[in-house]
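Below is one structure, written out as structure tokens; comments come after it.
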There are 2 protein chains.
Amino acid sequence: MTRLRTQESMKDVPGSKVTPLPVSLHQACEPVACRQCGVYRLCLPLGLHGGDMTLLESVVKRKETYKRGQLLFSPGDRFDFIYAIRGGSVKTSVCTPDGRVQITGFHIAGELLGLSALASGKYSSEARALETTSVCRVEAEQLDQLAQKIPSLQYQMMKIMSGQIRRDEELMLLLGRRSAEERLAEYLLGLSRRFAARKFSPTQFNLSMSRGDIGNYLGIAEETVCRILTRFQNAGLIAIERRHVSLIDLAQLEAVGRMKPAA
Amino acid sequence: MTRLRTQESMKDVPGSKVTPLPVSLHQACEPVACRQCGVYRLCLPLGLHGGDMTLLESVVKRKETYKRGQLLFSPGDRFDFIYAIRGGSVKTSVCTPDGRVQITGFHIAGELLGLSALASGKYSSEARALETTSVCRVEAEQLDQLAQKIPSLQYQMMKIMSGQIRRDEELMLLLGRRSAEERLAEYLLGLSRRFAARKFSPTQFNLSMSRGDIGNYLGIAEETVCRILTRFQNAGLIAIERRHVSLIDLAQLEAVGRMKPAA
DNA sequence: AATACGCTTTGATCTGCATCAATGGCCGCT
DNA sequence: AGCGGCCATTGATGCAGATCAAAGCGTATT
């Protein structure tokens with residue numbers, strides 16, 4: 001089913017001025033065919049071949065680029081596109097009528113955005129670039145029509161959505177039942193796993209989101225995030241300086257992730 | 001793996017003593033065609049007609065019944081069926097390796113279960129009947145194949161999953177950012193809305209789940225649930241006795257649902 | 001280079017809710 | 001009818017983490 005590429009073109013030619021800020025996963029991509037894109041197997045890890053792939057390519061608008069802080073879409077916007085992240089990172093969030101915000105996810109290369117808009121025809125959340133980010137936009141309607149012709153595409157999209165539901169369930173578990181330390185440990189490990197799946201270092205990476213964002217996502221205060229990160233550092237589990245993290249003792253970190261015996 | 005009994009012996013059907021417990025939404029249904037089922041429009045509110053509907057009916061196993069406490073499926077079980085609830089209610093939950101449990105949802109008539117299993121081929125959560133509950137089971141594989149023939153079916157399933165993602169996002173918001181009072185107020189209002197959508201009273205209903213379950217779901221302690229319900233009652237927002245609730249002041253309750261000015 | 005703003009860190013204090021504890025009521029079972 | 005277990009309620013206590021406050025730094029702006 002899922003076969004991952006071993007050779008990844010990490011060495012993207014940044015043409016001219018492509019690295020203005022501390023780059024974590026940013027990759028500047030030329031508008032190449034999907035089959036040549038380093039991340040397409042992550043976007044839609046489907047068993048498409050030959051003609052099917054060409055059809056898929058026909059509905060993809062390649063290489064939109066967003067800078068830090070720019071919106072990809074907002075709640076209520078008409079649902080036009082599914083976004084596939086090629087490089088960079090994005091946060092998605094929902095908010096209460098009175099203005100409180102909950103970040104629902106951080107998304108990196110190879111992930112899809114906008115799926116929850118399918119039901120209502122409008123985006124329900126906001127998506128904002130955390131750093132310079134490039135995406136492929138896929139016309140929702142065309143994709144939909146195309147999916148009707150290509151069963152495996154339909155199937156893969158369902159699988160992706162199903163996976164999203166599963167991850168959301170896990171986040172709920174995190175938010176509902178775990179202590180702040182556990183949440184943070186899990187958070188770091190989760191990032192680590194996702195980076196690993198993309199052939200990036202699982203032990204050294206940059207956080208493209210602020211402490212405040214992390215806290216919001218995990219349902220804890222910004223200050224608590226700082227304190228606990230410091231605590232982890234003092235305990236020799238990680239080394240962290242500003243946005244750069246090194247996971248030093250994975251095993252211990254995992255142990256922290258499941259500490260309390262509780263209910 | 002183990003192929004589950006496709007033909008459930010219904011010896012445990014209430015038959016004579018049909019209302020042993022306070023029944024909220026339970027409806028004893030005869031195995032009628034989907035188009036005649038009172039809830040099918042909720043299960044798959046799709047634009048199927050004539051022949052299409054007949055095809056759908058062909059993959060539906062009707063009227064499995066579960067008693068309070070019985071499992072529909074467990075994490076790790078092979079993904080064989082999508083479940084559509086006809087009457088009764090079900091809770092779904094996930095758990096950490098060390099045994100902590102998070103309830104991820106309460107499900108009533110017209111809702112689908114098992115969608116998150118699509119990605120991995122195994123159920124990721126546990127589903128347990130809260131009261132006597134009857135469901136339709138749909139062979140996942142057959143449904144999948146059928147969906148490839150009927151675009152609107154495929155589309156509807158995607159919409160349903162998309163809606164699930166959206167609701168999950170809202171629950172995250174609830175778990176991450178709101179006080180215990182707000183959570184409980186929202187919880188009651190959410191139930192109310194769902195009942196209303198099914199033409200049941202939005203202001204009078206029975207809770208099929210315990211205080212402990214509610215607390216778990218909302219990420220607060222059982223005792224806190226009790227205290228706050230009592231508080232609501234004293235404030236004249238609701239009347240509650242054992243499992244029966246009356247929402248008295250909807251407007252006030254909604255106000256509580258968005259009290260704090262916070263972040 | 002100087003200024004300013006946003007992010008991060010650390011300390012002090014406060015509080016909402018968990019936890020512990022105990023009692024009573026309802027329900028199903030024998 | 002009576003027993004036993006589960007569920008619900010209420011009180012007392014403690015603590016994790018929120019909130020308030022303030023200072024240090026790194027980066028973007030002029």
Side-chain angles (χ1 to χ4, degrees), chain A residues 19-23 67-69 91 100 128 130-132 174-185 206-234 238-245 256 259-263, chain B residues 12 14 17 19-23 67-69 91 100 128 130-132 174-185 206-216 218-234 238-245 256 259-263:
Chain A
T19 39
L21 27 116
V23 179
K67 283 195 293 191
R68 171 195 175 81
K91 65 175 172 182
R100 266 172 298 174
R128 194 181 290 272
L130 285 166
E131 60 190 313
T132 303
L174 196 74
L175 289 172
R177 301 250 72 75
R178 307 176 88 139
S179 72
E181 272 191 10
E182 292 175 286
R183 293 180 200 198
L184 218 29
N206 278 33
L207 303 172
S208 57
M209 70 295 292
S210 72
R211 305 288 194 268
D213 281 346
I214 296 173
N216 181 297
Y217 177 67
L218 298 176
I220 56 188
E222 180 176 354
E223 296 92 325
T224 305
V225 174
C226 279
R227 276 185 253 271
I228 292 177
L229 287 178
T230 304
R231 212 180 298 162
F232 283 174
Q233 175 150 247
N234 292 340
I238 67 172
I240 186 164
E241 197 196 332
R242 201 159 169 70
R243 301 269 177 114
H244 187 78
V245 202
V256 172
M259 265 174 82
K260 281 234 214 122
Chain B
D12 53 359
K17 45 160 200 164
T19 39
L21 27 118
V23 178
K67 282 194 296 191
R68 172 195 172 81
K91 65 174 172 182
R100 265 172 298 175
R128 195 180 290 272
L130 284 166
E131 59 190 314
T132 302
L174 195 75
L175 290 172
R177 300 250 72 74
R178 306 176 89 139
S179 72
E181 271 192 11
E182 293 176 286
R183 293 180 200 198
L184 216 29
N206 279 30
L207 302 172
S208 56
M209 69 297 290
S210 71
R211 304 289 194 267
D213 280 347
I214 295 172
N216 181 296
L218 298 177
I220 55 188
E222 178 176 356
E223 296 92 325
T224 305
V225 173
C226 279
R227 273 185 256 270
I228 291 177
L229 288 179
T230 304
R231 212 180 298 163
F232 283 174
Q233 175 150 249
N234 292 340
I238 67 172
I240 185 165
E241 197 197 330
R242 201 162 166 66
R243 300 274 178 111
H244 187 77
V245 202
V256 171
M259 266 176 79
K260 282 234 213 124

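On a predicted model such as this, the values are computed, not experimentally measured, just so you know.
- Looking at heavy atoms from C-beta onward, B:Leu218 lies out of side-chain contact with B:Val225 at the 4.5 angstrom threshold.
- For B:Leu184 against B:Phe232, the heavy-atom pair with the smallest separation is CB-CE1, 4.2 Å.
- In the helix from C:dA1-D:dT30 to C:dT30-D:dA1, the rotation axis of the first five pairs and that of the last five pairs differ in direction by 50°, rounded to 10 degrees.
- Between atom OG of residue B:Ser179 and atom CD1 of residue B:Ile228 there is a gap of 7.0 Å, rounded to the nearest 0.5 Å.
- Going from atom CD1 of B:Ile220 over to atom P of D:dA8 covers 14 Å, rounded to whole Å.
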- Sugar-phosphate means primed atoms, P, OP1 and OP2; the rest is base. With that split, encode nucleotides 8-14 of chain C 5' to 3' as B, S or - using protein heavy atoms under 4.0 Å. BBBBB--
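- Taking atom CD of residue B:Glu181 and atom P of nucleotide C:dC17, one finds them 8 Å apart after rounding to whole Å.
- Between B:Asn216 atom CG and C:dT19 atom P the separation is 12 Å, expressed in whole Å.
- In this structure, A:Gly219 reaches the sugar-phosphate backbone alone: every heavy-atom distance under 4.0 Å involves primed, P, OP1 or OP2 atoms, never a base.
- Rounded to whole Å, the distance from CZ on B:Arg68 to P on D:dC7 is 6 Å.
- C:dA18 atom P lies 17 Å from atom CZ of A:Arg178, rounded to whole Å.
- Once rounded to the nearest 0.5 Å, the distance linking OG1 of B:Thr132 with CZ of B:Arg68 reads 9.5 Å.
- B:Leu174 contributes atom CG, which lies 6.0 Å from atom CZ of B:Arg183 (distance to the nearest 0.5 angstrom).
- Atoms CZ (A:Arg183) and P (D:dA16) sit 14 Å apart, rounded to a whole Å.
- Using a 4.5 Å heavy-atom cutoff, the side chains of B:Leu229 and B:Val245 are not in contact.
- Between B:Leu207 and B:Ile214, some side-chain heavy-atom pair lies under the 4.5 Å cut-off.
- The closest donor-acceptor contact from the side chain of A:Arg211 to the backbone of A:Glu223 lies at 3.5 Å or more, if one exists at all.
- As judged by a 4.0 angstrom heavy-atom cut-off over every strand, B:Ala180 is placed among residues touching the sugar-phosphate backbone only.
- Considering only residues two or more places apart in sequence or on other chains, A:Arg128 meets the side-chain hydrogen bond (donor to acceptor under 3.5 Å, both in side chains) condition with A:Glu126.
- When rounded to the nearest whole Å, the span between CD of A:Glu182 and C1' of D:dG17 equals 14 Å.
- A straight line from NE2 of B:His244 to P of D:dA8 spans 15 Å, rounded to a whole angstrom.
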